[in-house]
Each structure stands twice: as structure tokens, then as C-alpha cells.
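What follows is a single structure, written as C-alpha cells, with notes after it.
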Amino acid sequence: MQRFFQRLWKWYGNHARNLPWRDTSNPYQIWVSEVILQQTRVAQGIDYYHNFIFTFPDIASLAHAPEEKILKIWQGLGYYSRARNMQAAARLMMDKYGGNFPVRYSEIAELPGVGPYTAAAIASFAFGLPYPAVDGNVKRVVARLFALHEPVQSAAFMQQALALLQELMPGKRAADFNQAMIELGATLCSPRNPACDQCPVAEMCEAHRTGTTDRFPVTRPKKAAVKRYHDYLFLESKGETWLQKRPEMGIWAGLYEFPVHILEYDAGLSPLEIFGNWFYNPGEAVVADRTEFTHLLTHQTIFARFWHLCSDRTNIVEQKNCTRIAMEEIETLPVHRLMHKYLEKKDWRDSTEKQ
DNA sequence: GAAACGTGGGG
DNA sequence: TCCCCAAGTTT
């Protein structure tokens, strides 16, 4: 045990990455970073973290912001309920804690969007409380260190990991302990080809001792991802394009997008079969050719097809939640990745036109 | 407990 | 190209 910590502290002191949220003990900033990092890689989260803190520097500014402004900052990051939960939590903190961050684990864990991991991370990083923060990295490290055979997704695994980590948890330096365990999993104890030769605690690792690091953590087979086939209709006329707001439930809730037809199988429908009811005069309204299929996602396969309307009189049937929006205005609306990418590179439209 | 919920990078 | 999975939480 002594040796374990000597090695761990020395390694962490020398190899900890310099990450923006490690420079602060401000619970608000730590909370923001932890929510952003849920199921999200550090490299992807850093810019979002800076933008978020710059735009909403404290609990009050987040609580009072228009929801669409928060979603706009979150645009492209995914799991958008995180952004809404953060505002709900900020408002709760205004009402219940006078705009201050709660300091007890139980209170932190009650905040919307804050589960066991995030609560422990905030409690330890901001307040030094000795709660083990068990994320995917720590699960992997613990599974190998103690050769835990329970599936990593199971409640049994979590119980065992928690018990072991609580036993290990030092009275002082709870924050460093959690950070170091996470860092170990993130940088050396990787899912495949772990760098055991550089690991400070390899000699105390049961999986390493028995040459079985590649068998841990044990995982259950996972269900195949659901595919979605999207047929998008891109309509533009005189500097305006047609957008609609998605429903408040389900994927991309409340974000904006082009008119779309989504199926979980490829129906092979023609543009008119899909969008015909949008037009009073379908034969005349759709003037551009079907252009290209764009492969957008890997495990959720999405195909996008774009068409143009060049006519002045687009004659679109009224749809609920549909609005004509000027191009400049679109820049301020929260959209999901397809639109996000489109707005980043406006030449998408041009490149499809050339076909 | 299982499914839903995004997106991006690495091997 | 395809599969994995990442500082998880909610329902």
C-alpha cells in the first residue's frame, strides 16, 4: 500500500497532463468540465469548456441564459440533454443554495445530470472529499489491478470496484488520488496495448502479473447500434433556407435542421414519394437533381440527400414548427451535427450542385 | 437491467 | 473500412 502510493504520486507528479480544469478548485468550473467530459474525449471537450466558461462564467449567468444560447454553445458536442440539465441544475442552485454550489456529496448528487461519477469527481476535486470517482478509466485500471472477473457493466463490478477504492482512498489527497487513477487509465492503462512498461504500479497489478491485461475488463457483448436513414431536403430561395425545429423528445431534441424524413431502414423511396406532400406542384417545384449520398456517421449510418429549389415560388405546404429563416439568422440557432458541418463548410451545397 | 442518448478519433 | 469506445446519466 505504501509502495503503491509512493509510485503513484511520483508518476502523477511527473506525468499529469496540464488540463484547464486542473488549474482551478472552483466547483462551478469543475462541474462544467465534468459534464462536458461525460462520454467525451478530453481533446474534443477542451474548446467547448473554454467557450462555455467564457459565455457563462458562473451559476447565475447560466441560470438566466436563454436555453437556445446554451444549446448553441453545446452545438456539435452531442448528448444535448446535458446542456438542459445544467441549466436546470443552475436554477436549482439559485433557488435552493442562494446561487452557491452545494458542498455535500448528497446535495451535489441530486443535481440534474450529475450521477455517481460526476458527484464524486466534484466532491473530491473541488472540496477534497474522499469519494472514489469511478469512470471508464478507473474501472479499467481497477479491473486489471485486481483482476476483477465481473462484467464491467454490471452492478456487481461497480460494488467491488467501489469497495476496493474506498479501502485504497487516502485520508488526504482524495482529489489527487482520483485524478491519478483517471490519468493512469487515460494515458497508460488503455483498452488495447496498455503501456505496462511505463506503469508505476505494474508490479502490483494482478492482470500484469499473470499476463492477462488484454482479458480485462471483462465486457458483455453489446447490442448492434440502430441505423437511421435520413433523407434531407435542402430548400433555398433568395437568401433564405427552410429549417424546422425538432420535437422536444428523442434524438437531437429541440435542435434545428433541414426538413428530413427518417427511417430505420432504407426504403428506397423517391424524392417525390418522401417530400411530395410538401409541394402544391411537385412536378415543377423540385427542379434540381438528386445529388449525392453522404456517409455521416459510423455506427449510426446516416445518408443525406440534398435537393435544391431554385424557383422563387417554392409553394411549400405549411408544416408545424417550420419557419423561413434568413441565412444570417441560422448562424444563431442550435443545430445538430449535420447542420453544424454544413454551416462550417458552406461549400457542401456547392459541391453537391456540381454533380 | 437495458435502451436511449452524439460525436469523433484511434487501431 | 469497420469496430471500438470515450472523465455517464436518465428513464
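Per chain, numbering begins at 1; letters A, B, ... match sequence-line order.
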Minimum-distance nucleotide to Ile251(A) side chain [options: dT7(B), dC5(B), dA7(C)]: dC5(B)

Spacing of Leu77(A) atom CG relative to dC5(B) atom C1', expressed in whole Å: 13 Å

dG8(C) OP1/OP2 closer than 4.0 Å to side-chain N/O of Gln39(A): yes

Sugar-phosphate, base or nothing in reach of Val35(A), heavy atoms under 4.0 Å: nothing

Distance in angstrom units between Gln153(A) CD and dC4(C) P, rounded: 12 Å

C1'-based separation of dA6(C) from dG1(B) [nearest Å]: 22 Å

Touch class at under 4.0 angstrom, heavy-atom based, for Ile30(A) against every strand present: nothing

Touch class at under 4.0 angstrom, heavy-atom based, for Trp74(A) against every strand present: nothing

Nearest-angstrom distance, P atom, dC4(C) to dA3(B): 16 Å

Inter-nucleotide P distance (dC5(B), dA7(C)), Å rounded: 23 Å

Ring centers of Tyr48(A), Trp74(A) separated by less than 6.0 Å: no

side-chain N/O Tyr80(A) vs dT7(B) OP1/OP2, d < 4.0 Å: yes

Along DNA chain C (nearest heavy atom to each residue), the more 5'-positioned of Gly115(A) and Arg41(A): Arg41(A)

Sugar-phosphate only, base, or nothing, as touched by Arg140(A) at under 4.0 Å among non-hydrogen atoms: sugar-phosphate

Close side-chain approach of Ser124(A) and Leu129(A), heavy atoms under 4.5 Å: no

Nearest to side-chain heavy atoms of Arg220(A), which nucleotide of dA6(C), dA2(B), dT9(C): dA2(B)

Thr118(A) side-chain proximity, nearest of dG1(B), dA6(C), dT9(C): dT9(C)

Phosphate OP1/OP2 of dT7(B): any Trp252(A) side-chain N/O under 4.0 Å: yes

Aromatic ring pairing Tyr105(A)/Tyr131(A), orientation class (parallel under 30°, perpendicular over 60°, tilted between): parallel

Min side-chain heavy-atom separation Met86(A)-Leu62(A) under 4.5 Å: yes

Side chain to side chain, Gln87(A) and Arg84(A), heavy atoms closer than 4.5 Å: no

Sugar-phosphate, base or nothing in reach of Ala133(A), heavy atoms under 4.0 Å: nothing

Minimum heavy-atom distance between Trp11(A) and Ala180(A), given as atom pair plus value: CZ3-O, 3.8 Å

Along DNA chain C (nearest heavy atom to each residue), the more 5'-positioned of Ile182(A) and Leu111(A): Ile182(A)

Between P of dC5(B) and CD of Gln75(A), the distance in whole Å: 19 Å

Sugar-phosphate only, base, or nothing, as touched by Gly76(A) at under 4.0 Å among non-hydrogen atoms: sugar-phosphate

Length of the CD-P vector between Glu183(A) and dA6(C), whole Å: 15 Å

Test side chain to side chain donor-acceptor pair (under 3.5 Å) applied to Arg82(A) and Asn85(A), step by step: CA-CA 5 Å; Arg82(A) 289 182 292 177; Asn85(A) 281 148; over 6 Å; no

Length of the line joining Glu110(A):CD and dT9(C):P, which is rounded to integer Å: 15 Å

Earlier contact from the 5' end, DNA chain B, for Arg192(A) and Arg82(A): Arg82(A)

Interatomic distance where CG belongs to Leu37(A) and C1' belongs to dA6(C) [whole Å]: 10 Å

Pair of N/O donor and acceptor under 3.5 Å linking dG6(B) base with Thr40(A) side chain: yes

Whole-Å distance separating the CG atom of Leu71(A) from the P atom of dG6(B): 11 Å

Upstream residue (5' side of DNA chain B) when Ala156(A) and Gly250(A) are each assigned their closest nucleotide: Ala156(A)

Atom-pair distance (OH on Tyr49(A); C1' on dA6(C)), nearest Å: 20 Å

